[in-house]
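These notes concern the structure reproduced below.
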There are 2 protein chains.
Amino acid sequence: MHINDIIDNIYPLPEKSKALLKENIYEVNYPKAHVLFKVNRIESKMYFIEKGMVRAYANPGDEEITFWFGKEGDAVVSMKNYVQNKKGYETIELLESCVMRELNTEHLRKLFDDDIHIANWGRKFAEQELIKVEERLIFRQCRTAMERYKELMATDPELLQRVQLGHIASYLGMTQVSLSRIRSGLK
Amino acid sequence: MHINDIIDNIYPLPEKSKALLKENIYEVNYPKAHVLFKVNRIESKMYFIEKGMVRAYANPGDEEITFWFGKEGDAVVSMKNYVQNKKGYETIELLESCVMRELNTEHLRKLFDDDIHIANWGRKFAEQELIKVEERLIFRQCRTAMERYKELMATDPELLQRVQLGHIASYLGMTQVSLSRIRSGLK
DNA sequence: GCAAAAATTTTACAAATGATAAAAATTAGT
DNA sequence: ACTAATTTTTATCATTTGTAAAATTTTTGC
């Protein structure tokens, strides 16, 4: 997916604004297992995934909670870094080797103050993500483990192909053993 | 809490922008149990709570999942309405009689396009809410029911005073019976 | 292609939480 | 203040999910 489409999918930007935004964006390539954001660090970076897959997880050391997957077309940020310039609660690592575009978020902050279209682009990005997480929080609570797995099979079968089951289990809020039990029961 | 402080707490606005925003804001008073947003409806409204308490819940009819509480200083929206102009997945009702300020969000959308400060105000609002929900989703998964209750006691004891336990239980992702059991075990 | 590592499944058991129903306590309305 | 309605607690039992460890399968690196 091309960077122009990724940007416009979030919120269509006029050419001038897009050019401004792209001034500080450059391509990066990282191998599988590379870490983009490390927990408890402040990074002034944002990435757009042109090719590949990443995951965000919290609580490393203790137990990893995978709470987000990113793939082609997604923007990758560590929320606390991005929003509050504070230490992130998550680690974000590559699940596949990736082609991405990197953007400096300090630069982005300046653009938010100068360009109303980019400000609204940033607004839309946060708003869309917000809805996704809120729906996920609700959904998590009112469905059983099996329902959650079935729903994922129905809505995002690709994820099951590309991501190992241990991460899927965590993402669905269950243990790997539980997921395995559910999968075998469905056959 | 005064409307000026509520607005500035989200993101400090210059006087001119604040005046623009306040042009279409007016005071409303509703009694306990009044419904601000009904599930599956589109409402072009947003509220700021000066006094009182509200809750948002999803899945009415089947089982209510309380996923958000709002009190003095909070902004109240139905996310799908607000962001995508689509039917909301939640119902929002008053838990106490409230003094609020009502804002038309169609008007707000125009302001987003015209005033960069207001656009950034909207961005900040979504971003802050996003972090809260994301942290809640993670926290929910890596703590036991008792840990979640203890955490709430520590971080927001006021909520336990003002809101009935059935709603608290749902908010914490457990049944009321479970919460009651936990409470009695702590004595 | 083979050995080592990693991921997944399986099994057995334990613990936490849910469902249901009923009693007790609290709150609200007249 | 009294009754009805609502909320909270208690008790019992069923079920889901987690933990731990071993067996199996798949993936990876040389």
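Model, not experiment: these values are computed from the prediction. Only heavy atoms go into these numbers, but all of them, side chains included; no hydrogens, no water, no symmetry mates. A, B, ... follow the sequence lines: proteins, then strands. Residue 1 opens every chain.
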Under-4.0 Å salt bridge between [X] and [Y]:
X	Y	value
B:E106	B:R109	no
B:K16	B:D115	no
B:E96	B:R162	yes
B:E15	B:K18	yes

Report each atom pair, protein N/O against N/O of nucleotides 15-25 of chain D, whose distance is under 3.5 angstrom.
unit_1: D:dT17; atom_1: OP1; unit_2: A:A145; atom_2: N; d: 3.1
unit_1: D:dG18; atom_1: OP2; unit_2: A:T175; atom_2: N; d: 3.2
unit_1: D:dG18; atom_1: OP2; unit_2: A:T175; atom_2: OG1; d: 3.1
unit_1: D:dG18; atom_1: OP2; unit_2: A:S178; atom_2: OG; d: 2.9
unit_1: D:dG18; atom_1: N7; unit_2: A:R181; atom_2: NH2; d: 2.9
unit_1: D:dG18; atom_1: O6; unit_2: A:R181; atom_2: NH1; d: 3.0

If I take atom [atom1] in residue [X] and atom [atom2] in nucleotide [N], what distance separates them, rounded to the nearest angstrom?
X	N	atom1	atom2	answer
A:L165	D:dT26	CG	P	12 Å
B:Q176	C:dT20	CD	P	15 Å
A:Q141	C:dT17	CD	C1'	13 Å
B:I65	C:dG18	CD1	C1'	13 Å
A:L95	C:dA6	CG	P	16 Å

Residue mapping more 5' on DNA chain D - nearest nucleotide basis, A:K32 or B:H167: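 Nearest nucleotide further toward 5': that of B:H167.
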Cation-pi check, A:R41 onto A:F37 ring (under 6.0 Å, within 45° of axis):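 Judged by the rule, A:R41 and A:F37 form no cation-pi pair.
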Face-on cation placement of A:R136 at A:Y171 ring, 6.0 Å and 45° thresholds: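 Satisfied, under 6.0 Å and within 45°.
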